[in-house]
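Quick note: numbers below take in every heavy atom, side chains included, and nothing from hydrogens, waters or symmetry partners. Given the structure is predicted, the values throughout are model-derived calculations rather than measurements.
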Amino acid sequence: SGDVDNSEVRGAALARNWRRLLELIADVTLRPALPEREIESERRSVQSAIRSRADQPFQRAYDTMMERVYGPHAYALPVLGRSPVVARVDRAALLEHYRRFYRGDRTIVSVSGEVPAREVAAQVRRLFGAMPAGEGTIPDRAVAPASAGGRDLVSYPAAQAQVMVAFLGPGIASKDYPAMKLLSVALGGGRAGRLFTELRDKQGLAYSTGAINPSRVDPSVLVAYLGTAPANPDRAEEGMLRELGRMGRERVTPEELARAKSFLLGQFNLDRRTNARLAWYQAFFEATGVGYDFADRYVKAVESVTADEVLRVAQTYLAAPAIVSLRPAPR
């Protein structure tokens, strides 16, 4: 799979078959065949996924938001790619990309399971030790611009209106990362978040609502979203901006903070119950530069966040809202 900051080759097997699994993963990683017929098959699959995503109102609004927030930065691009680019990518381009990015100094091997650690490490060195350093230079990462805010109106034939409000936030290595995660949960985490209780329960403005705050190397984004009736997008937008403004004016209550910590860490622990996810988290944290053992430090950092820190982070990052309002057009 591929994401905005990294790509991944993964596999799972019974613990007793760990040697065969590592050999398979090494073969796929180090000796990609990339036959033309499979490239064409994957191209058709990706093009279909791109069309499907464009037909989903929420995803259309989200992709519009990423373009507005990130501008020329690579995070503005959809992970699936854009159809004209996917159409012209050929085997030569894939091989050039592989030789540039799949290199020994950029590769992390993460293993989790009831396996002999020393033997696994020796096998990894044997299989991956000769991995080439790569060809060509890695382009410098563009610095994400500070979002200047702004507003986009999108007309689209849909049963609901979608309203999104977003802000650039801290990357995973920032000292503000744990507090921003808690702010996101206090705002839109489950049925006890402020967006749900205020805009859905009390005012009846939302069919669905919440907040998204992905973990990124470069500045991340906080997206508050709401699906509402076609007649309500203006009221819904006003309500969302009001709740976001409250986050920077009023400290979360002790009950809100405790609930946010319980929700955030509970979800984090639930997602690390399998060896597959443990291996993924170790590799992801190492790849993003915070270290494979970041999980324990992150839990402690979240537990120590105060209401004053959440307020400070809100005042720091929730300053210039970028707004996307997708409204139903006549079918």
Side-chain angles (χ1 to χ4, degrees), residues 1-13 18-36 38-43 45-46 70 72-82 85-86 88-113 115 117-144 171-173 214-220 275-295:
S1 64
D3 205 340
V4 295
D5 282 320
N6 52 70
S7 59
E8 174 188 7
V9 178
R10 62 180 176 270
W18 68 266
R19 288 180 182 274
R20 294 171 62 189
L21 177 62
L22 265 181
E23 289 170 357
L24 175 62
I25 295 295
D27 186 47
V28 171
T29 304
L30 303 178
R31 290 172 287 278
L34 299 178
E36 295 284 0
E38 292 188 12
I39 293 173
E40 289 307 313
S41 175
E42 185 64 17
R43 190 194 316 278
S45 177
V46 172
Y70 282 109
H73 190 276
Y75 287 175
L77 303 173
V79 174
L80 288 171
R82 290 177 172 152
V85 178
V86 173
R88 66 174 180 262
V89 170
D90 57 14
R91 187 174 187 273
L94 292 175
L95 282 172
E96 192 278 332
H97 180 87
Y98 171 81
R99 290 167 182 151
R100 176 176 291 190
F101 290 96
Y102 284 66
R103 49 206 293 170
D105 61 345
R106 297 174 61 86
T107 299
I108 296 155
V109 181
S110 179
V111 180
S112 178
V115 293
R118 290 185 179 180
E119 292 181 39
V120 170
Q123 187 76 336
V124 169
R125 283 192 294 269
R126 183 181 73 81
L127 293 171
F128 291 89
M131 193 171 184
E135 300 177 9
T137 59
I138 304 297
D140 292 335
R141 298 179 67 94
V143 177
I172 191 171
S215 299
R216 298 287 182 255
V217 174
D218 287 343
S220 184
N275 282 318
R277 294 302 291 167
L278 285 171
W280 182 87
Y281 271 105
Q282 289 181 155
F284 175 75
F285 288 148
E286 185 70 16
T288 53
V290 294
Y292 71 91
D293 57 349
F294 178 71

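- Atoms CD and CZ, from Glu286 and Phe294 in turn, are 12.5 Å apart once rounded to the nearest 0.5 Å.
- In this structure, Arg99 has no salt bridge (Lys or Arg N to Asp or Glu O under 4.0 Å) partners at least two apart in sequence or on a different chain.
- A salt bridge does not link Arg19 to Glu23: none of the charged side-chain nitrogens sits closer than 4.0 Å to a carboxylate oxygen.
- The stretch residues 121-132 participates, sequence neighbours left out, in these side chain to side chain donor-acceptor pair (under 3.5 Å) pairs: Gln123-Arg126.
- By the salt bridge (Lys or Arg N to Asp or Glu O under 4.0 Å) test, Arg20 pairs with no residue at all, sequence neighbours left out.
- The CZ atom of Arg277 sits 10.0 Å away from atom CZ of Phe284, with the distance rounded to the nearest 0.5 Å.
- With contacts defined as side-chain heavy-atom distances shorter than 4.5 Å, the pair Ile39/Asp90 does not qualify.
- Residues satisfying the ring pair (Phe, Tyr, Trp, His ring centres under 6.0 Å) criterion with Tyr281, sequence neighbours excluded, are Phe268, Phe285.
- From Ser41, atom OG reaches atom CD of Glu38 across 7.5 Å, with rounding to the nearest 0.5 Å.
- Within the 4.5 Å cutoff, no side-chain heavy atoms of Ser110 are placed close to those of Tyr292.
- Contacts of Thr29 classified as side chain to side chain contact (heavy atoms under 4.5 Å, CB included), with partners at least two apart in sequence or in another chain: Val9, Ile25, Phe128, Met131.
- Note that the CG atom of Asn6 and the CZ atom of Phe101 stand 12.5 Å from one another [nearest 0.5 Å].
- When the side-chain hydrogen bond (donor to acceptor under 3.5 Å, both in side chains) test is applied to Glu40, the partners found at least two apart in sequence or on another chain are Arg43.
- A heavy-atom distance below 4.5 Å is found between the side chains of Tyr75 and Asp5.
- Contact annotation: the side chain of Arg10 never approaches that of Trp280 to less than 4.5 Å [non-hydrogen atoms, C-beta and beyond].
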